[in-house]
Amino acid sequence: MAADDDVEGAAALRAAMVCELRDQGVIRSEAVAVAFTAVPRHLFTPGESLEVAYGVDNVPVVKRGENGLALSSVSAPHLQALMLEAAEITAGMRVCEIGSGGYNAALVAELVGDGGHVTTVDIDPDIVGRARAFLDEAGYHRVNVVLADAEGGVPDAAPFDRIIVTAGSWDIPPAWIDQLADDGRIVVPLRLRGTTRWIAFDRDRSGSLISRGYGLCSFVPFQGIGSHFERNVTVDDGVVLRLDDENLKVDPEALRRALHLPRIERWSGATFDMPDEQMLFLLTNEPDMALLHAEQKIVDRRLLARPVLTGVPVLIGGDGFAYRAVRPNGATGGYESGVYAHGPSAEDLAARYVELLCQWADNHHHRGAASIRYVPGSVATPPPSSGVIPKRHGTVVVTWP
């Protein structure tokens, strides 16, 4: 039987998905649970099995570019639920979704009800056409689907009580803030020093946006005017530095030499867990920090350790570098954080890195420890510091109270 025709099977898997998301603590409200139970996700993922469509962590790709990279996908239910819970959408609201696909817009339509209004916008005609067709098939005819570059928002449908962004954004365009109601909230996957976090922002009296929650995530990056490409620096074959700060000076040849020198290791005595929170602290408390990525062949040759396979914060110091290490240690609750360092300046870099690890473990070892503020360009720019991240239209300020 075709997946689209297996109504009972789809309903059972949908109920199981909701149950699993509840058990994980991702779905916390009855309204979000009802929305996920109501919307037939499989209608928005044609060609996939029901099991794939309803897997809580599955991200079906709906369009790829000529290079094979994903241009559009249906986000994982786990992430969609997190962001919808953070948005706190209620009946009657006007909501704009930036980055279309159909499924998330249908969930929002369930949350706002008949008295609300949902607009979803995308730059890609193929994606807009698919979204319109899928929404109509699923019965969500009232959702407004718009073809446009989302950098300008959707002024004709504004103001919005909520704006939910479902594509990786390097910045927050002025139009989004202008089209947000005075007491509105925007939930946006924002790129911060090479990593992406969804952040729920509310306005404050100064005109800035203040975080009410955040979490690590991954999204297909924006296309159009708002697109931004990070700076990648090749250190050696299979070893790359990913830099989001144009001011960070790097000597690739010096780092290549350091890579082939024996490494030192230093251990902090501090616990290692919540690596995403620790990573955010490291990246926003040291101006010479970037991300180090390497291929499996580099690990196999023992030039670098396994953390580099998925990207690890690296402290760069002219002729050397240091990056986070982990080892089992029952005395710290299971694992201990430490440092591997290479190059003539390895000792100094390792000491600086260990101090950061200890600061995080002693003072900020809990979820949501950071406060993230977005300051539009029209507001006074904060003075430079490790936690100040300049953007095109404004500045992100990350502090650790």
Side-chain angles (χ1 to χ4, degrees), residues 1-65 68-85 87 89 91 95 97 99-114 116 118-122 124-145 164 166-167 198 217-220:
M1 180 178 291
D4 287 357
D5 298 329
D6 189 359
V7 176
E8 291 184 1
L13 286 171
R14 194 154 59 249
M17 175 186 72
V18 172
C19 184
E20 184 174 354
L21 291 171
R22 280 185 183 273
D23 290 344
Q24 293 176 354
V26 176
I27 289 182
R28 305 186 307 275
S29 67
E30 190 61 27
V32 171
V34 169
F36 272 84
T37 301
V39 179
R41 179 176 165 92
H42 63 283
L43 296 185
F44 298 86
T45 60
E48 303 287 356
S49 68
L50 290 177
E51 288 73 19
V52 169
Y54 290 105
V56 297
D57 295 314
N58 290 342
V59 185
V61 175
V62 299
K63 185 175 182 179
R64 295 185 184 274
L69 296 178
L71 295 177
S72 181
S73 62
V74 182
S75 299
H78 177 274
L79 180 53
Q80 289 172 312
L82 282 171
M83 293 176 66
L84 289 175
E85 289 285 6
I89 297 168
V95 180
E97 179 195 38
S100 194
Y103 176 64
N104 197 64
L107 293 171
V108 174
E110 289 287 340
L111 291 169
V112 302
D114 292 340
V118 181
T119 296
T120 181
V121 57
D122 201 282
D124 189 323
D126 293 339
I127 300 305
V128 167
R130 288 169 60 96
R132 179 72 276 164
F134 295 157
L135 285 163
D136 286 344
E137 182 181 0
Y140 297 94
H141 308 287
R142 295 178 63 248
V143 173
N144 181 28
V145 183
I164 300 181
T166 59
W198 64 261
C217 64
S218 178
F219 277 89
V220 173

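Values below: every heavy atom of this structure, side chains too, minus hydrogens, waters and symmetry copies. The residues of the chain are indexed from 1 along the displayed sequence. If you're wondering where the values come from, they're calculated on a predicted model, not measured in any experiment.
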*Take Thr120 and Asn144, measure what side-chain contact (heavy atoms from CB on, under 4.5 Å) needs, and give me the verdict at the end.*
CA-CA 6 Å; Thr120 181; Asn144 181 28; over 6 Å; no
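The pair Asp136-Arg132 meets the salt-bridge criterion, since a charged nitrogen lies less than 4.0 angstrom from a carboxylate oxygen. Contact check on Arg22 versus Glu30 returns a salt bridge, with a Lys/Arg side-chain nitrogen under 4.0 Å from an Asp/Glu carboxylate oxygen.
Going from atom OG1 of Thr45 over to atom OH of Tyr103 covers 9.5 Å, rounded to the nearest 0.5 Å. Between Ser49 atom OG and Leu13 atom CG the span is 9.0 Å, to the nearest 0.5 Å. Residue Phe36 holds its CZ atom at 8.5 Å from CG of Leu111, rounded to the nearest 0.5 Å. Note that the CG atom of Asn104 and the CZ atom of Arg41 stand 9.5 Å from one another [nearest 0.5 Å]. Atoms NE2 and CD1, from His78 and Ile27 in turn, are 10.0 Å apart once rounded to the nearest 0.5 Å. Atom CG of residue Leu82 and atom CZ of residue Arg28 lie 7.5 Å apart, to the nearest 0.5 angstrom.
Contact of the Ile89 side chain with the Val95 side chain is registered, since non-hydrogen atoms from C-beta on lie closer than 4.5 Å.
Contact detail for Gly102 and Leu135: the closest heavy-atom pair is O-CD2, 3.3 Å. Listed here is the closest heavy atom pair of Asp122 and Val128: O-CG2, 3.6 Å. Contact detail for Thr37 and Arg14: the closest heavy-atom pair is O-NE, 2.9 Å. For the residue pair Val59 and Ser75, the shortest heavy atom distance occurs at CG1-CA, 4.3 Å. In this structure, Thr166 and Ser100 approach most closely via the heavy-atom pair OG1-N, 4.5 Å. Minimum heavy-atom separation, Glu85 to Val26: CG-O, 3.5 Å.
When atom types are taken as modelled, the side chain of Glu48 and the backbone of His42 share no donor-acceptor pair closer than 3.5 angstrom.
With hydrogens and angles left out, the side-chain atoms of Glu110 and Tyr140 include a donor and acceptor closer than 3.5 Å. With 3.5 Å as the limit, one finds no donor-acceptor pair spanning the side chains of Thr119 and Glu97.
Phe134 and Phe44 have perpendicular rings, their planes meeting at more than 60° on a 0 to 90° scale where under 30° would count as parallel.
Counting non-hydrogen atoms of other residues, nucleotides and ligands closer than 6.0 Å to CG of Asp114 gives a total of 12 or fewer.
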